[in-house]
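Keep in mind that the numbers below use all heavy atoms, side chains included, and drop hydrogens, waters and symmetry copies.
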Amino acid sequence: MSLTTFSQVAARWKAEKRQWVKPSTYAVYVQVLNSRLLPFFGPLGDGHLDEERIQAFVNGQLHRELSPGTVRETLMILRMILRFGAKTGAWRQIEYEVHFPASDGMKKVAPVLDRSAQRRLSSHLKANFSFRNLGILISLHSGLRIGEICALQWQDLDVEKGVIRVNKTVQRIWLSDGDEKANTLAVGAAKTACSMREIPIPRELMKILRPLRKLMAGEHFVLTNTCKPLEPRYYRDYFRRLLRSLGIEASRFHILRHSFATRCIESNCDYKAVSAILGHASITTTMNLYVHPGYEEKRKAIEKMARSLY
């Protein structure tokens with residue numbers, strides 16, 4: 001039995017990972033290690049790392065009301081560390097299987113703006129120009145994530161070809177790793193390879209963007225029209241205040257992305273095309289999030305089935 005502790009192996013794993021992952025990913029690893037994994041597993045050697053203890057960790061995380069998705073992401077990092085420990089000979093290979101409580105069987109439906117609220121928001125944005133309002137309008141017509149819209153530069157808007165090029169994102173990176181502390185606003189590569197994409201610009205949005213594009217410096221960010229990007233958390237606050245001023249229930253900025261995707265699906269757009277526009281790695285993600293037949297669609301299906309019997 002090895003005397004090497006989980007904390008020691010995690011430190012070696014972390015040092016190696018830092019060479020190969022983006023700073024934002026490394027910061028996430030550090031945060032998960034410090035807040036979740038090390039307090040529970042830190043002093044343990046491999047003789048105490050077994051399925052029963054890992055299951056107890058999962059149960060405790062769920063009891064803290066963390067979502068199953070968050071716990072699974074934590075387990076992914078735990079699994080990488082355990083494999084690293086076995087690969088480097090620090091401890092034996094640890095086999096385990098964990099269980100999550102059965103779900104209630106109901107799909108979570110992404111929150112969206114209803115059509116009336118979306119029209120009200122869109123009308124306000126068009127009638128009250130500002131660069132921040134323009135960013136919201138672009139997101140509403142393209143499904144861009146908040147980090148992507150904050151990173152959007154005028155040169156990414158190709159009004160000749162009629163496309164938005166999505167290739168980067170902005171995020172605040174918080175790192176607290178021993179004596180090292182960092183707090184930076186970083187413009188980095190897009191979230192995933194699938195997030196690098198071109199999105200066609202709809203005709204109505206093109207009418208607004210074409211004359212503006214001729215006047216703006218390509219390297220300037222759209223939301224600030226300067227060489228400095230806007231921080232996502234400030235944009236979130238602006239968006240919430242705007243919704244409240246319009247009498248729309250305050251929501252996360254991501255509701256624009258959900259609303260865009262939902263309107264596409266409602267318009268019978270091709271699911272694969274919608275998935276590519278959103279930058280999803282799999283069409284399954286799009287289907288699970290946005291394809292939810294309503295009562296009328298289900299009623300028609302039942303009626304069609306019944307007619308076939310007689």
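At least one side-chain heavy atom of Tyr29 sits under 4.5 Å from a side-chain heavy atom of Met80. Between Lys14 and Tyr26, some side-chain heavy-atom pair lies under the 4.5 Å cut-off. Using a 4.5 Å heavy-atom threshold, the side chains of Leu209 and Ile138 count as touching. For the pair Arg165/Gln155, no side-chain contact is recorded, criterion being any heavy-atom separation below 4.5 Å from C-beta on. Leu121 is listed as a side-chain neighbour of Leu242, based on a closest heavy-atom distance under 4.5 Å. Taking the side chain as every heavy atom from C-beta outward, Gln8 and Arg12 never approach each other to under 4.5 Å. Counting only heavy atoms from C-beta outward, the side chains of Lys161 and Glu198 never approach each other to under 4.5 Å. In this structure, Ile54 and Leu82 have side chains that are in contact, with non-hydrogen atoms separated by less than 4.5 Å.
With sequence neighbours left out, His63 forms a side chain to side chain contact (heavy atoms under 4.5 Å, CB included) with no residue at all. In this view, Phe6 and Phe41 satisfy the ring-ring contact (aromatic ring centres under 6.0 Å, His included) rule, not counting sequence neighbours. Applying the ring-ring contact (aromatic ring centres under 6.0 Å, His included) test to Phe40 and every residue at least two apart in sequence or in another chain returns Phe57. A search for side chain to side chain contact (heavy atoms under 4.5 Å, CB included) contacts involving Pro202 returns His141, Leu205, not counting sequence neighbours. In this structure, the side chain to side chain contact (heavy atoms under 4.5 Å, CB included) partners of Tyr271, at least two apart in sequence or on a different chain, are Ile265, Ile283, Met287, Val291. Scored by the salt bridge (Lys or Arg N to Asp or Glu O under 4.0 Å) test, Arg120 finds no partners at all (sequence neighbours excluded). Take Gln93 and apply the side chain to side chain contact (heavy atoms under 4.5 Å, CB included) test, not counting sequence neighbours, and it matches Ala86, Glu95. In this structure, His280 has no ring-ring contact (aromatic ring centres under 6.0 Å, His included) partners at least two apart in sequence or on a different chain. With sequence neighbours excluded, no residue forms a ring-ring contact (aromatic ring centres under 6.0 Å, His included) with His124.
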For this session: Give the intermediate values and the outcome of side chain to side chain contact (heavy atoms under 4.5 Å, CB included) for residues Leu243 and Glu249.
Result: CA-CA 7 Å; Leu243 290 189; Glu249 184 177 353; over 6 Å; no
Problem set entry | Check against side chain to side chain contact (heavy atoms under 4.5 Å, CB included), Ile149 and Leu256 | CA-CA 11 Å; Ile149 195 67; Leu256 298 175; over 6 Å; no
For this session: Test Lys87 against Glu16 for salt bridge (Lys or Arg N to Asp or Glu O under 4.0 Å), laying out the working first.
Result: CA-CA 13 Å; Lys87 178 182 175 182; Glu16 178 176 289; 5.2 Å; no
For this session: Might you work through the side chain to side chain donor-acceptor pair (under 3.5 Å) test for Gln118 and Ser259, ending with a clear yes or no?
Result: CA-CA 8 Å; Gln118 185 165 339; Ser259 300; 4.5 Å; no
Exercise. Checking side chain to side chain contact (heavy atoms under 4.5 Å, CB included) for the pair Glu266/Tyr290: CA distance, chi angles, key distance, verdict?
Worked result: CA-CA 9 Å; Glu266 290 173 350; Tyr290 302 114; over 6 Å; no
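The main-chain N or O of Tyr234 is never found under 3.5 Å from a side-chain atom of Asp237 such that the two would form a donor-acceptor pair. Distance alone, capped at 3.5 Å, is enough to place a donor-acceptor pair between the Gln153 side chain and the Glu219 backbone. A donor-acceptor distance shorter than 3.5 angstrom exists from the side chain of Arg53 to the backbone of His48, with no hydrogens or angles considered. Under a 3.5 Å cut-off, the side chain of Trp13 and the backbone N or O of Arg83 do not form any donor-acceptor pair. Using modelled atom types, one side-chain atom of Thr224 and one backbone atom of Thr226 make a donor-acceptor pair closer than 3.5 Å. In this structure, Arg257 contributes its side chain and Leu278 its backbone to a donor-acceptor pair below 3.5 Å. Remark: the backbone N or O of Thr70 is paired with a side-chain donor or acceptor of Thr74 at under 3.5 angstrom. Listed for the Arg213 side chain is a donor-acceptor partner under 3.5 Å among the backbone atoms of Met216. Not one N or O on the side chain of Glu97 forms a donor-acceptor pair closer than 3.5 Å with the backbone of Glu51.
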Anything under 3.5 Å between a donor and an acceptor, one on a side chain of residues 130-137, the other on a protein residue two or more places apart or in another chain? List them.
{"residue": "Ser130", "atom": "OG", "partner": "Asn133", "partner atom": "N", "Å": "3.0"}
{"residue": "Asn133", "atom": "OD1", "partner": "Tyr238", "partner atom": "OH", "Å": "2.6"}
{"residue": "Asn133", "atom": "ND2", "partner": "Asn128", "partner atom": "O", "Å": "2.6"}

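Closest approach of Ser122 to Leu140, counting heavy atoms only: CB-CD2, 4.2 Å. Leu38 approaches Ala10 most closely through the heavy-atom pair CD2-CB, 4.3 Å. Closest approach of Ile146 to Pro232, counting heavy atoms only: CD1-O, 3.5 Å. Here the closest heavy-atom approach between residue Pro39 and residue Ser35 is recorded as CG-O, 3.8 Å. The minimum heavy-atom distance between Gly85 and Thr88, with the atom names listed, is O-OG1, 3.3 Å. For the residue pair Phe253 and Leu144, the shortest heavy atom distance occurs at CE2-O, 4.4 Å.
For the atom pair Lys168 NZ and Cys150 SG, the distance stands at 12.0 Å (nearest 0.5 Å). Residue Arg210 holds its CZ atom at 11.5 Å from CZ of Arg203, rounded to the nearest 0.5 Å. Note: Ser67 OG to Gln61 CD = 10.5 Å, rounded to the nearest 0.5 Å. The distance from atom CZ of Arg119 to atom CG of Leu113, rounded to the nearest 0.5 Å, is 12.0 Å. One finds the CZ atom of Phe100 at 9.0 Å from the CG atom of Asn59 (value rounded to the nearest 0.5 Å). Between the CG atom of Leu157 and the CE atom of Met206 there is a distance of 9.0 Å, given to the nearest 0.5 Å.
By the 6.0 Å contact criterion, CD on Glu65 is open, its count of non-hydrogen atoms from other residues, nucleotides or ligands being 12 or less. The environment of NZ in Lys272 is sparse: at most 12 heavy-atom neighbours from other residues, nucleotides or ligands sit within 6.0 Å. Within 6.0 Å of CZ on Arg252 lie no more than 12 heavy atoms contributed by other residues, nucleotides or ligands.
Val58 and Leu37 fall within a single hydrophobic cluster, where Ile, Leu, Val, Met, Phe, Trp and Tyr side chains are chained together by heavy-atom contacts under 4.5 Å. Linking Ile, Leu, Val, Met, Phe, Trp and Tyr residues whenever their side-chain heavy atoms come within less than 4.5 Å leaves Val112 and Val274 in two separate clusters. Residues Val21 and Met196 fall into different hydrophobic clusters, defined by Ile, Leu, Val, Met, Phe, Trp and Tyr side chains chained together at heavy-atom separations under 4.5 Å.
For residues 146-155, the pairs satisfying salt bridge (charged side-chain N to carboxylate O under 4.0 Å, His left out) are Arg145-Glu148, Glu148-Arg197, with sequence neighbours left out.
Grouped by direct or indirect side-chain proximity (heavy atoms under 4.5 Å, Ile/Leu/Val/Met/Phe/Trp/Tyr only), Phe221 sits with Val170, Leu185, Val187.
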